[in-house]
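These notes are about the structure you will find just below.
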Amino acid sequence: RCPWLGDHRVVPARDADASLTSAMALYVFLHLMVRDDGIPYYFIWLTNWTGMVTAVYAVLHAWATRRAARLRDDQDAGDSTDIPRGVHALWALKCIAPVAQLLITTVYWGVLWRPQYGPVSAYNVVAHGVLYSVTLVDFVALNRFTIDSRTDLANAYAYGGIYVGFNLVYTFIPGATNHRGDRFIYPVTDWRDRPVVSVAFTAAAFLIVLPVCWYAMVWLTRMRDRRWFPVKDTEVTATVDSGDTAPTPCRTPPISAKAGASMTDSAPSPDTHRIAHIELDEETIIWRNADIEQERRIAIFDLIEENTF
């Protein structure tokens, strides 16, 4: 679904997002390779790791959207439980990309950047702001992923832990430097000469900054869903709308005792009536993880929007 632009534009919207994100990541890469005379210092910075992750996430999301659109249009495809590996990768990156983008943007401008570094360059603004802005617009207006599970937080911590391990090892590699010739990547992670500062900064990033960035995305998830998918998860009833009168609830026996669902019905003409409202019974519905609950909410939203009987 693409709530902002409409469902019929979801594929071009996703393609445009992937193209823009990839173009900005490529711009940052080429700029740094030229600046550093072809020496690949680009690959030592967390900013650039996150830029690459964000580009991969955007491309995978565009691919998955196109695949889903084809399956939806293919009437002979039937139901399938075979989930492509690319989709599993997308699920892992759905939290890492926005949370890491928010983290690097906040830490860079709040802690790392110094006026003595000179004027703010265009590539710095792109790498530490514009990429996150595009990711944020995508998440709020074009997206339906849910970020609020422990797995999402664990993925973000795993990503951060991998980079900290790389940063530590790189500092002690003989002859390894950053583009200024320093024997560390960032001044605040000089593990060789300032181990206490490095440990303190890393602990603050892991114990304070990363959880705050994660919770900010959880809050955005909830605000977005409340705006675009306002479906209440309470007792299941369905309201029948005849089209020219106010919706009229009319209860009938449950469809299935196991499902715990009861739907309303009505006798009028089948081509002029529709289900106008659905609620779920919290006592009989089995609650799954956050992603499945989000899919359930979207399915109910789709049913209400596009049903007639």
Side-chain angles (χ1 to χ4, degrees), residues 1-14 16-18 20-21 50 53-54 57-58 60-62 64-65 68 90-110 128-157 159-160 205 207-235 276-280 282 285 287-306:
R1 296 188 64 82
C2 182
W4 185 28
L5 299 178
D7 291 354
H8 61 292
R9 296 192 182 97
V10 63
V11 173
R14 186 62 57 206
D17 176 75
L20 180 59
T21 301
T50 304
V53 165
T54 304
Y57 161 79
L60 279 176
H61 209 163
T65 303
L90 180 61
W91 288 343
L93 295 178
K94 72 183 174 82
C95 176
I96 293 174
V99 169
Q101 281 290 346
L102 178 57
L103 185 146
I104 64 167
T105 300
T106 302
V107 171
Y108 181 80
W109 296 112
H128 303 99
V130 178
L131 261 173
Y132 174 63
S133 299
V134 173
T135 304
L136 184 63
V137 170
D138 163 76
F139 186 82
V140 172
L142 309 178
N143 210 319
R144 75 182 198 191
F145 272 135
T146 296
I147 295 178
D148 65 357
S149 69
R150 293 181 181 178
T151 300
D152 294 328
L153 183 59
N155 287 337
Y157 269 113
Y159 175 73
L207 299 178
I208 301 174
V209 182
L210 194 152
V212 168
C213 291
W214 175 78
Y215 188 77
M217 297 309 302
V218 171
W219 179 82
L220 281 174
T221 297
R222 294 171 181 172
M223 294 301 101
R224 179 204 62 195
D225 291 351
R226 188 174 300 172
R227 170 63 179 86
W228 297 118
F229 309 112
V231 178
K232 295 181 180 180
D233 296 334
T234 54
E235 178 187 7
H277 180 69
I278 297 176
E279 294 181 351
L280 301 182
E282 293 181 343
I285 294 296
W287 299 104
R288 308 290 184 180
N289 64 49
D291 289 320
I292 294 177
E293 293 308 317
Q294 176 73 345
E295 290 302 317
R296 194 204 303 269
R297 287 193 291 269
I298 301 304
I300 293 175
F301 185 88
D302 287 344
L303 175 61
I304 293 173
E305 289 291 304
E306 302 174 2

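All figures in this text were calculated on a predicted structure; none of them were measured in a lab. Values below: every heavy atom of this structure, side chains too, minus hydrogens, waters and symmetry copies.
Once rounded to the nearest 0.5 Å, the distance linking CG of L153 with OH of Y157 reads 5.5 Å. Separating the CG atom in L303 from the CD1 atom in I278 is a distance of 4.0 Å, to the nearest 0.5 Å.
Looking at Y57 and I96, their side chains never come closer than 4.5 Å, going by heavy atoms from C-beta outward.
When the side-chain contact (heavy atoms from CB on, under 4.5 Å) test is applied to T151, the partners found at least two apart in sequence or on another chain are S149, N155. Residues satisfying the ring-ring contact (aromatic ring centres under 6.0 Å, His included) criterion with H128, sequence neighbours excluded, are Y108. With sequence neighbours left out, Y159 forms a ring-ring contact (aromatic ring centres under 6.0 Å, His included) with no residue at all.
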| task | Applying side chain to side chain contact (heavy atoms under 4.5 Å, CB included), run through I104 and Y132 and close with a yes or a no. | result | CA-CA 9 Å; I104 64 167; Y132 174 63; over 6 Å; no
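The minimum heavy-atom distance linking K94 with D152 is given by the pair NZ-OD1, 2.9 Å. Of all the heavy atoms in A18 and A62, the pair that sits closest is CB-CB, 3.9 Å.
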Only pairs under 3.5 Å count here: list side-chain donor-acceptor contacts from residues 134-141, not counting sequence neighbours, and write none if there are none.
from: T135; atom 1: OG1; to: L131; atom 2: O; distance (Å): 2.9
from: D138; atom 1: OD1; to: R14; atom 2: NH1; distance (Å): 2.2
from: D138; atom 1: OD2; to: N143; atom 2: ND2; distance (Å): 3.2

Quiz: residues 207-221 side-chain donor-acceptor pairs under 3.5 angstrom, not counting sequence neighbours:
from: T221; atom 1: OG1; to: I147; atom 2: N; distance (Å): 3.4
from: T221; atom 1: OG1; to: M217; atom 2: O; distance (Å): 2.9

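Among T54, T50, T106, the one residue that satisfies the side-chain hydrogen bond (donor to acceptor under 3.5 Å, both in side chains) test with Q101 is T54.
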